[in-house]
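Take a look at the structure below.
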There are 2 protein chains.
Amino acid sequence: MVDARQQEMRSGPPQSKTAYVVDRLREEIAAGIIVPGGALRQTQIAMRYGVSPTPVREALRILEAAGTISYAPNRGATVREMDPVDGDDLYSLRAEIEGFACRLGVERQDGTLATRLEELADRLEAEDPATGPAQRYQLNRDLHFLIFDAGSQVVSQQVASLWEAFTPAVTVWGVPQIAERLNADHRQIIKAVRKGDAELAGARMREHVLNARMLRRKYIG
Amino acid sequence: MVDARQQEMRSGPPQSKTAYVVDRLREEIAAGIIVPGGALRQTQIAMRYGVSPTPVREALRILEAAGTISYAPNRGATVREMDPVDGDDLYSLRAEIEGFACRLGVERQDGTLATRLEELADRLEAEDPATGPAQRYQLNRDLHFLIFDAGSQVVSQQVASLWEAFTPAVTVWGVPQIAERLNADHRQIIKAVRKGDAELAGARMREHVLNARMLRRKYIG
DNA sequence: CAACGCTATATTGTGTGCAATGTGCGGCGG
DNA sequence: CCGCCGCACATTGCACACAATATAGCGTTG
C-alpha cells in the first residue's frame with residue numbers, strides 16, 4: 001500500500017477504491033498532469049495508485065460515461081481532447097442549461113441562499129492568485145452548484161455531468177483578467193438572487209457563461 | 001454460454017460483454033421488465049446473461065454514471081425511480097436543451113436533413129399501434145437525434161446522456177392520444193427545418209417537449 | 001415483553017490468473 | 001530497396017476466488 005493513498009483516504013468516510021481512483025484521475029486530468037490525448041494504461045494506473053486493475057477498469061468506465069475520457073475497445077482509454085469548436089459548443093450549451101437551472105434555483109430558494117453565495121464569493125475573491133487555478137475553480141464550482149441545488153437535484157446532477165465532460169476548463173481560472181471578470185459577474189448574479197428575481201438571475205447566469213466562453217477564446221485561444 | 005446471447009451478438013461487430021450487458025439492461029428497464037426501485041443483483045444478472053460478474057459490475061457503473069440506476073456502496077444498485085416533480089423538471093430541462101440543440105442543428109444542416117426527417121416521420125406514423133411503444137419510442141429518438149447530430153456531436157452526446165436518465169419515458173408512446181399529438185408536433189418542426197428557420201424550429205422543439213411533459217401529466221401521471 | 005447484541009447468510013468489493021486481441025518489429029519475397 | 005507476412009510482446013477483457021461489509025433472524029437480558 002502506497003502512503004499517498006492512505007493520506008488521501010484518511011479524511012471522510014472510507015470510500016471504495018473505484019471512487020478513489022475516479023477522484024484521483026479527475027484531479028490529475030484537471031491539473032494537467034495527465035495531458036489530453038495521453039494514453040491511460042490500466043496496469044500502470046493500478047500500480048501508481050496502489051490498487052488492482054479491477055477498480056481501475058471500473059473507474060475508467062465511469063469517466064468514459066461522463067465523457068472525460070474516450071475509450072477504444074481493446075485499445076484502451078485516452079484523455080479526451082476537445083477541438084476549439086466543440087469547446088465553444090459546450091460553453092453555449094452550458095449557458096442555456098445553467099441559465100435554466102439558475103432560474104429554477106432562485107424560484108425555489110429558501111431565504112439563506114444569497115447570504116451563502118456572498119460568503120463563497122468573498123472567499124473566491126480573497127483567494128491568493130499564487131495558489132494556482134484549482135482552488136478558485138473549485139470555489140467557483142461550489143458557487144454555481146449552490147444555486148442549482150436550491151432548485152432541483154436531478155437538474156443539478158445533469159449540469160454536473162456536463163461539467164465532467166469539461167474538466168480542462170480549469171485553466172481559465174489561471175488568467176487574472178478572466179477571473180476578475182467572472183467574479184464581477186458572480187456579484188451581479190447574487191444581486192438578482194437577493195432580489196428574488198429568477199428571470200434576471202437566469203439571464204445573468206446565461207450571460208456569465210457566454211462571457212466565460214468569449215474570455216477563454218480571447219486569452220487562451 | 002446461453003443461446004440468447006449469441007443470437008443477440010451475432011449481428012454487427014463483436015462487442016464487449018460489458019457493452020452487451022449495458023444494452024440488455026437498458027432494454028429490459030425501458031421495457032419495464034425490470035421495474036423502478038427493483039434491486040439489481042450482480043450475480044443474478046451475470047447468470048441471466050451468461051457472463052461473469054465482472055462485466056456486469058462495469059455495466060452497472062456505466063448505467064450509474066448515466067443516471068439510469070442509482071447505487072449505494074456495499075448495498076448494490078436499484079433502478080432509479082423518479083418522483084413526478086423530478087420527472088417534470090427533467091422534461092423542462094430537456095425542453096431548454098433540445099430547443100438549443102435543434103437550433104444548432106438547423107443552422108448547420110446540409111440540404112438533406114428535412115427529407116430524411118420526413119421519411120422517419122412517415123415510418124413513425126405508420127407504426128402499428130399494436131407493436132407496443134418501444135418501436136415508436138426508438139423512431140422518435142432517431143428523429144430527434146437526426147436533428148441534433150446535424151448540429152454538434154458533443155451537444156448531441158450531452159442530450160443523449162440526458163435521455164439515459166429518463167428511460168422510463170418510453171411509456172408515453174403507449175398512449176394513442178399522446179402519440180398523435182407528438183407526431184403533429186414533429187411535422188411542424190420539420191416544416192421549420194425545411195424553411196431553414198433555426199429560431200422557429202428551436203422554439204417548436206422546445207414547445208414539443210413541454211407538450212410531452214403536459215401530456216404525460218394528463219394521461220399518465 | 002421489548003430492546004439490544006450476536007451470529008449466519010447474502011451480496012458486494014478487490015485481487016489475481018489466464019485468454020483474447022491489437023501492435024510493432026524482423027525476416028522473407030518480390 | 002520496398003512491401004508484406006508472421007511471430008513475439010504488450011495490453012485489454014473476462015472469469016473466478018476470496019475478503020469485506022451489510023442485513024435479517026434469533027437468542028438473551030433487563
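Proteins get letters first, then strands, A, B, ... in listed order; numbering begins at 1 in each.
- Between the C1' atom of D:dA15 and the CE atom of B:Met47 lies a distance of 15 Å, rounded to the nearest Å.
- Spacing between atom CD of A:Glu58 and atom P of D:dT12 amounts to 16 Å, rounded to whole angstrom units.
- Along DNA chain C, the nucleotide closest to A:Ser52 and the one closest to A:Pro73 are compared, and the more 5′ of them pairs with A:Ser52.
- For the residue pair B:Arg80/B:Thr68, the side-chain donor-acceptor check at 3.5 Å is not satisfied.
- Listed candidates were C:dT23, C:dG13, C:dT21. Nearest to the side chain of A:Asn74 is C:dT21.
- With hydrogens and angles ignored, a donor-acceptor pair under 3.5 angstrom links the side chain of A:Thr54 to the base of C:dG15.
- By the 4.0 Å N-to-carboxylate-O rule, B:Glu164 lies close enough to B:Arg141 to be salt-bridged with it.
- Shortest non-hydrogen contact noted between B:Val155 and B:Leu104 is CG2-CD2, 4.1 Å.
- Among the atoms of the strands shown, base atoms are found under 4.0 Å from some heavy atom of A:Pro53.
- Rounded to a whole Å, the CG atom of A:Leu60 is 13 Å from the C1' atom of D:dG13.
- Rounded to whole Å, atom P of D:dT21 lies 16 Å from atom CD of B:Gln42.
- Going from atom OH of B:Tyr71 over to atom P of C:dT11 covers 14 Å, rounded to whole Å.
- The residue A:Leu40 sits close only to the backbone: its heavy atoms come under 4.0 Å of sugar-phosphate atoms, none of a base.
- Taking 4.0 angstrom as the limit, A:Tyr49 places none of its side-chain polar atoms (N or O) nearer than this to OP1 or OP2 of C:dT14.
- Rounded to an integer number of Å, the gap from CZ of A:Arg41 to P of C:dT23 is 10 Å.
- A heavy-atom distance below 4.5 Å is found between the side chains of B:Asp23 and B:Gln15.
- Relative orientation of the B:Trp173 and B:His186 rings is parallel, given thresholds of 30° and 60° on the angle between their planes.
- The distance between atom NZ of A:Lys17 and atom P of C:dT14, rounded to the nearest whole Å, is 7 Å.
- With hydrogens and angles ignored, no donor-acceptor pair closer than 3.5 Å exists between the side chain of B:Thr18 and the base of D:dC14.
- The side chain of B:Arg75 lies closest to D:dA22 when the candidates are D:dA22, D:dA15, C:dG15.
- As a whole-Å value, the separation of B:Arg57 CZ from D:dA17 P is 17 Å.
- In terms of polar N and O atoms assigned as donor or acceptor, the side chain of B:Thr43 never comes within less than 3.5 Å of the base of C:dT12 in a complementary pairing.
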